[in-house]
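Working notes, structure below.
Position 1 is the first residue of the sequence; numbering continues from there.
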Amino acid sequence: MTGPDRSNRSPAVLVIPQWQGSAARNPQRLAEGAHRLSALLPASRRTVVDIDPRPGQDQEGVRHLDVLIRSLEATRAALGRRDDDTLLAFGGDCGIELAPVARAVARHRDSLAVVWFDAHADLNTPDTSPSGGFHGMVLRTLLGQGPSPLLPRPEERLSPRQIVLAGARALDPAELDFIESEGIRTLSVEALREPGQLVSAVAGTGATHVYIHLDLDVLDPEHFAGLSCPEPGGLHPDQLRAALDALAERFNLAGLGVTEHAPAADSADSDHVLQRILEGMAFR
C-alpha cells in the first residue's frame, strides 16, 4: 500500500456549538466546549455554524428534535460553502457528526472507514435509547436507522463493515446485540494501547481514507477532567495521541470530529492535554 497523500493540508474547520443532542447533566457546557476546542486553531481557519442555543421540543423519542433538525440544516449549508478535501469539526455533542461523516461517505464511498473513538457505541435508536438523547443514536442514524428527519441521504450512509469502534466500554444491551449481529469491528481500550492493532482493523475494511470521530470520553477521567459523560477505564492521552498518529501515518484523513468537551471551572490542564493530543495531527 502506498502512503497517504499529503498534498492538501488546509482543512475546512467548523465549530458546531450544539448541545441539544446530549442527555447529560448541564449539557449547555458542550457549546462552550466547542469554542474552547476551536481556540486551539488560528481564528482565521474557523467557521462557526449558527446553532440555536435554546432547548427544543421532544419528538419521536428524541430530545430537542426540532432544534437538531435545524442544526443539521445549518451544518449542511456551511459544508456546502466549502470544497476542502479534509474537514475538522469541533462540537458540541456527538450529534454534530451527522453532516461531516455523511459528507465523507459521499466523497469516498467504499474507500472510507470511520474510527469511532468513544466510551459509548452511539448505536441506539429512539426505541432502544434509555434517555432519548440523540448523541447515543448518531452512529446508528449514519447507518440509515434513526429518527427519520435526521437520516442521511442513501448515498451518504455508512455500512457496518466501514466502522471500527475504538474504546467503547459502556454499552446498552440493544447495542451489544446490534454489534454482534452486524459483525462491527471493535477494539477494547487494552487493544488500543498497541496502535498496530487499530491500523490492522482499519486496513481490514479495505479503506484508504479514514474519518476519525473523537468523543473525548474515550479518555480516562483520571487523566482528563472536561468530560460530559465520563466512564472509568479509558485511554491515557498519550495512548490516544499514539493511535491518532498511527492512523494519520497510514491512511488519508477524510476528517476529524472532536466532541463532548465539557470544560471544568479550571480548564488550563485540559487545554494542555488537548494540545498534546492534536499537535501532531496533520490538520495543524
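- For the side chain to side chain contact (heavy atoms under 4.5 Å, CB included) with Q239, the lone residue among H223, R193, E194 that qualifies is R193.
- To the nearest 0.5 Å, the span separating CG on L227 from CG on D215 amounts to 8.0 Å.
- Contact check for I212 versus F251: no side-chain heavy atoms found under the 4.5 Å cut-off.
- Using the six-membered ring where Trp is involved, H261 and F224 have ring planes that are tilted, between 30° and 60° apart.
- Taking both residues in full, the closest heavy atoms of A89 and I96 are given as CB-CD1, 4.0 Å, listed atom of the first, atom of the second, then distance.
- Put simply, the residue from T259, D93, D52 that forms a side-chain hydrogen bond (donor to acceptor under 3.5 Å, both in side chains) with Q18 is D93.
- Using modelled atom types and a 3.5 Å distance limit, the side chains of E175 and H120 yield no donor-acceptor pair.
- Side-chain atoms of L278 and L256, non-hydrogen and from C-beta on, do get closer than 4.5 Å to each other.
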Quiz: residues 148-156 side-chain donor-acceptor pairs under 3.5 angstrom, not counting sequence neighbours:
residue: R153; atom: NH1; partner: E156; partner atom: OE2; Å: 2.9
residue: E156; atom: OE1; partner: R153; partner atom: N; Å: 3.1

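- Rounding to the nearest 0.5 Å places CD1 of I163 at 11.0 Å from NE2 of H213.
- When all heavy atoms of L219 and R169 are compared, the pair lying nearest together is O-NH2, 3.4 Å.
- To the nearest 0.5 Å, atom CZ of residue R81 and atom CZ of residue R76 are 14.0 Å apart.
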Side chain to side chain contact (heavy atoms under 4.5 Å, CB included), that's the test. Do F90 and R46 meet it? Break it down for me. CA-CA 10 Å; F90 285 130; R46 304 178 219 151; over 6 Å; no
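- In terms of modelled atom types and a separation under 3.5 Å, the side chain of S22 and the main chain of W19 share no donor-acceptor contact.
- Minimum interatomic distance between Q162 and D110 (heavy atoms only, all atoms of both residues): NE2-CA, 4.2 Å.
- Rounding to the nearest 0.5 Å gives a distance of 7.5 Å between NE2 of H135 and CG of D122.
- To the nearest 0.5 Å, the span separating CG on L112 from CG on L158 amounts to 7.0 Å.
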